[in-house]
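Below is one structure, written out as structure tokens, with a few remarks after it.
Letters go in sequence order (proteins before strands), and every chain restarts at 1. Computed from heavy atoms alone, side chains included, the values below leave out hydrogens, waters and symmetry copies.
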Protein chains: 2
Amino acid sequence: LFEEKLRELEPIFYPRSIAVVGASANSVNAGSAWVRSLVAADFPGSIYPVGSSGGRIANLEIFPSLRQVPGEVDYVIVAIPRQSVLELLDDCVAKNVKAVQFFTAGFSELDAHQGRRLEQQMVERARRGNIRIVGPNCIGVYCPEQRIPFVMGALGRSGCVGFVSQSGGIAGKLATLGLARQIDYSKGVSFGNGIDLDASDFLQYLAADTKTKVIGAYLEGTRNGVRLFGTMQSVARVKPLVVWKGGRTEAGAQAARSHTGSMASSPAVWSAALRQVGAVEVYSLEELTDTLLLLQQLGRWQGKRAAIIGGLADGGGGMSVSAGDACTDNGLEVPPLSPETKRELGTLLGEEGSILHNPVDVSQAQFRGLATLFRAVDLVVDDPAIDFVLIQEDIDIVLPIYSRQGLEKISEFFIHLKSRQNKPVVVVLPPGSAEPERLQTEQKLLKGSLPVFCSVERAARALSNLNRYSFRRGAS
Amino acid sequence: LFEEKLRELEPIFYPRSIAVVGASANSVNAGSAWVRSLVAADFPGSIYPVGSSGGRIANLEIFPSLRQVPGEVDYVIVAIPRQSVLELLDDCVAKNVKAVQFFTAGFSELDAHQGRRLEQQMVERARRGNIRIVGPNCIGVYCPEQRIPFVMGALGRSGCVGFVSQSGGIAGKLATLGLARQIDYSKGVSFGNGIDLDASDFLQYLAADTKTKVIGAYLEGTRNGVRLFGTMQSVARVKPLVVWKGGRTEAGAQAARSHTGSMASSPAVWSAALRQVGAVEVYSLEELTDTLLLLQQLGRWQGKRAAIIGGLADGGGGMSVSAGDACTDNGLEVPPLSPETKRELGTLLGEEGSILHNPVDVSQAQFRGLATLFRAVDLVVDDPAIDFVLIQEDIDIVLPIYSRQGLEKISEFFIHLKSRQNKPVVVVLPPGSAEPERLQTEQKLLKGSLPVFCSVERAARALSNLNRYSFRRGAS
């Protein structure tokens with residue numbers, strides 16, 4: 001599917017050389033930042049800074065014009081005023097460049113009439129020279145495998161999550177949240193006004209890309225809805241597709257018009273279309289990243305029957321109640337544990353009534369040691385009546401009861417559990433007063449490929465999203 | 001209103017002396033933890049540890065029984081097995097104790113029949129001796145002014161937010177989240193099974209308490225709905241009352257039964273009743289604390305017309321879009337700025353089209369310095385067409401552009417703005433890759449009495465809750 005896109009966009013995600021037009025030896029500007037980011041990220045191909053200042057940047061010669069660059073140039077990043085973009089495109093044609101990304105802004109998003117005309121001229125000139133355009137008004141490509149960072153510089157590990165974003169700000173935020181939450185991207189792209197290549201092209205590329213298993217999208221609008229929804233339908237058939245539509249409301253749409261020049265369209269129409277094409281619609285940055293994280297960790301998994309361990313140590317009563325509510329609110333089930341599990345838990349933890357229910361109370365284990373706690377969790381995970389286990393681990397409570405060493409052992413047990421079982425264990429680490437220990441635990445669990453969330457509501461919502469996708473496709 | 005409750009519950013929130021029954025010189029248990037917490041918190045009255053071990057704890061003598069305590073005892077904290085509670089109540093009567101809090105659990109929440117009978121016997125015995133009971137199955141009182149911490153020990157500053165919670169876990173979490181987010185409590189109470197004093201009593205107390213300006217409640221059920229809703233109606237007339245009802249769903253209600261022995265009741269009935277009595281219903285711990293924080297910072301404020309500054313520095317386009325959506329989703333308005341503000345912003349920042357809209361783009365200020373940024377924010381805040389300003393400050397973006405020093409100055413400007421204007425400024429600090437700087441900035445702003453949230457969705461929801469309350473009462 002869409003195999004031809006791999007070849008077509010190869011110079012964008014895997015360029016052998018990159019020129020950055022708008023670099024300067026003296027001033028701090030976007031072009032210079034890009035050069036420094038590429039150098040710092042160890043981009044393996046040639047990097048050619050271009051700018052009128054001459055001199056050097058990051059130990060590289062700055063060429064006065066693109067035409068004077070000695071080697072071949074696959075890809076050009078452009079950060080110069082819009083007045084010069086047509087001329088630059090002529091230079092690109094002369095240099096036989098494959099693709100150009102325009103950071104430059106101030107087109108149709110600024111002035112619907114004049115801006116649109118300039119955009120059309122750019123497209124015409126690029127088409128004649130057989131050049132593809134990313135943008136304008138965008139931060140372009142993020143490809144950890146090829147060591148291409150965004151202009152901000154940070155670069156995560158190479159992974160299986162691909163994303164497209166109309167907004168550079170959201171694209172950048174996805175990249176940094178990926179670093180913070182161990183979401184590893186295959187590649188991402190911010191395409192701004194999308195005057196040539198747009199969401200459809202990049203979604204087709206990600207569908208064909210074997211490195212990409214899961215796709216997220218932030219979209220504000222489209223100039224070709226028929227193509228976009230047709231594409232999304234084909235894409236969602238082969239890979240989970242999670243879409244956040246910005247500008248659903250008039251206030252949001254107003255912002256979208258001046259942001260990427262996107263025209264408003266009815267949110268009801270979008271939602272209905274997304275449902276119809278089999279994409280999962282999400283409604284915030286948090287929900288998008290939560291859902292991508294879960295898809296990365298669990299893959300094509302489905303199951304609605306939750307076992308909830310309200311608190312690992314103590315004080316989990318109220319959290320059991322709200323976790324039960326959060327699961328039910330999101331269409332998940334909290335069925336009774338099977339009689340055998342109840343009996344064994346009773347033998348293990350004593351005849352306290354509450355442990356026999358789901359949500360499960362394992363707090364009695366604190367008086368019997370970690371081995372008992374782990375055995376209790378094992379029993380719950382092994383219960384055939386449930387599909388996954390949601391564990392709330394409140395560091396404020398676990399730390400004083402089990403100590404720092406115990407906390408480490410609990411994390412190791414969870415990670416071991418994950419590799420031993422094919423039943424998902426989802427961990428909720430609510431914020432509190434022991435933030436350093438909580439963040440450490442979060443990193444350890446995330447690096448052990450466990451999905452971690454900061455509230456049961458967010459965990460339940462993401463799990464529900466996974467079910468919505470998998471239910472359509474069937475788990476495989 | 002409810003003046004008599006102040007006298008009635010005085011020994012609970014302002015005891016002159018506290019005995020802790022169940023302390024031990026040798027073992028780590030709840031009673032010992034309580035003694036240590038009270039000592040560490042500098043509780044100003046007498047503390048009498050009671051336990052069969054004899055010996056000393058935290059430099060205090062442990063008395064073998066309550067009757068042998070030499071001085072008068074206002075308040076008793078009980079952490080002994082349930083088999084001994086009736087006998088202990090006899091001791092309390094003999095010592096002329098005013099109130100007893102039972103940490104001890106295992107009553108009606110464990111066994112509906114036998115547990116309930118024991119609870120009835122406890123109440124009868126206490127009534128005869130003129131003693132009030134808090135609990136059982138609870139962690140009791142939190143009163144920073146009188147230096148009474150929960151058993152976990154941490155104690156925040158004394159403030160204006162009061163809370164009641166059926167759950168000890170949620171009560172503890174409210175206390176620690178208060179420390180983390182600078183929500184300062186007047187007093188809080190966890191009352192568990194509430195066999196004598198229950199939600200109604202404590203809500204009446206908080207309504208009468210002059211230190212308390214705002215009230216939050218986590219409730220799972222009630223044994224006397226008529227009294228509770230009557231109380232809530234009276235309370236909500238004089239102070240904002242925010243209620244999170246746990247156990248709305250069958251899975252949640254199931255957990256609530258084994259948690260505090262609360263019987264299920266229809267969530268629709270609860271929601272309708274809460275609306276009718278003028279309380280604001282919330283649906284998660286996050287929403288409860290967000291709303292309490294906003295009420296603490298803004299008091300009885302109302303206003304729906306938001307000006308949104310999508311990003312302080314750069315990359316705020318996508319965030320403007322989603323902030324517009326989040327505000328509209330929550331019933332807030334994002335009206336155009338007035339012509340004068342638009343003109344002045346245009347003069348200040350240049351003739352870029354997007355800044356003339358709301359959400360506002362002030363990113364051009366980065367090329368003109370902080371004074372320009374502050375002037376631009378001032379112009380937006382001063383606009384008579386808007387009621388409050390929602391500013392997204394993405395530390396990942398602000399830090400590289402304005403540096404650490406600039407970040408400090410921006411925080412100081414916001415705090416100064418807050419004291420100069422009576423128009424609320426709400427700051428959103430989204431998580432990212434500069435967490436230490438973000439958390440520092442959050443603390444600085446929170447300590448400067450600015451409301452800070454980690455997403456526009458949560459900010460908009462809390463603002464909407466404030467409007468729902470104030471709209472009924474009228475701001476004063």
Applying a strict 4.5 Å limit to non-hydrogen atoms, the region of Pro436(B) in contact with chain A is neither

Are any of the side-chain nitrogens in Arg461(A) or Glu287(A) under 4.0 Å away from the carboxylate oxygens of its partner?
yes

So does Arg248(B) pair up with Asp329(A), basic N to acidic O under 4.0 Å?
yes

Report which part of Tyr283(A) has an atom under 4.5 Å of a heavy atom belonging to chain B: side chain, backbone, both, or neither.
backbone

Select, from [options], the one with the greatest count of heavy-atom pairs under 4.5 Å involving chain B.
options                                    : value
Leu179(A), Thr328(A), Val334(A)            : Thr328(A)
Lys173(A), Glu457(A), Met152(A), Glu435(A) : Lys173(A)
Pro431(A), Gly172(A), Ala33(A)             : Pro431(A)

Measure the shortest side-chain to side-chain distance between Cys327(B) and Leu390(B) over non-hydrogen atoms and say whether it is less than 4.5 angstrom.
yes

Pair Arg181(B), Asp290(B) - check salt bridge (Lys or Arg N to Asp or Glu O under 4.0 Å), show working.
CA-CA 9 Å; Arg181(B) 299 185 72 193; Asp290(B) 287 348; 2.6 Å; yes

When you look at CD of Gln114(A), are more than 12 heavy atoms from neighbouring residues, nucleotides or ligands closer to it than 6.0 Å?
no

Under 3.5 Å, is there a donor-acceptor pair linking the side chains of Asn29(B) and Ser32(B)?
yes

Under 3.5 Å, is there a donor-acceptor pair between the side chain of Arg438(A) and the main chain of Leu429(A)?
yes

Quick check on the structure: residues of residues 394-403 of chain A within a heavy-atom distance below 4.5 Å of chain B, by number.
Asp394(A), Asp396(A)

By side-chain hydrogen bond (donor to acceptor under 3.5 Å, both in side chains), Thr289(A) pairs with (sequence neighbours left out) none

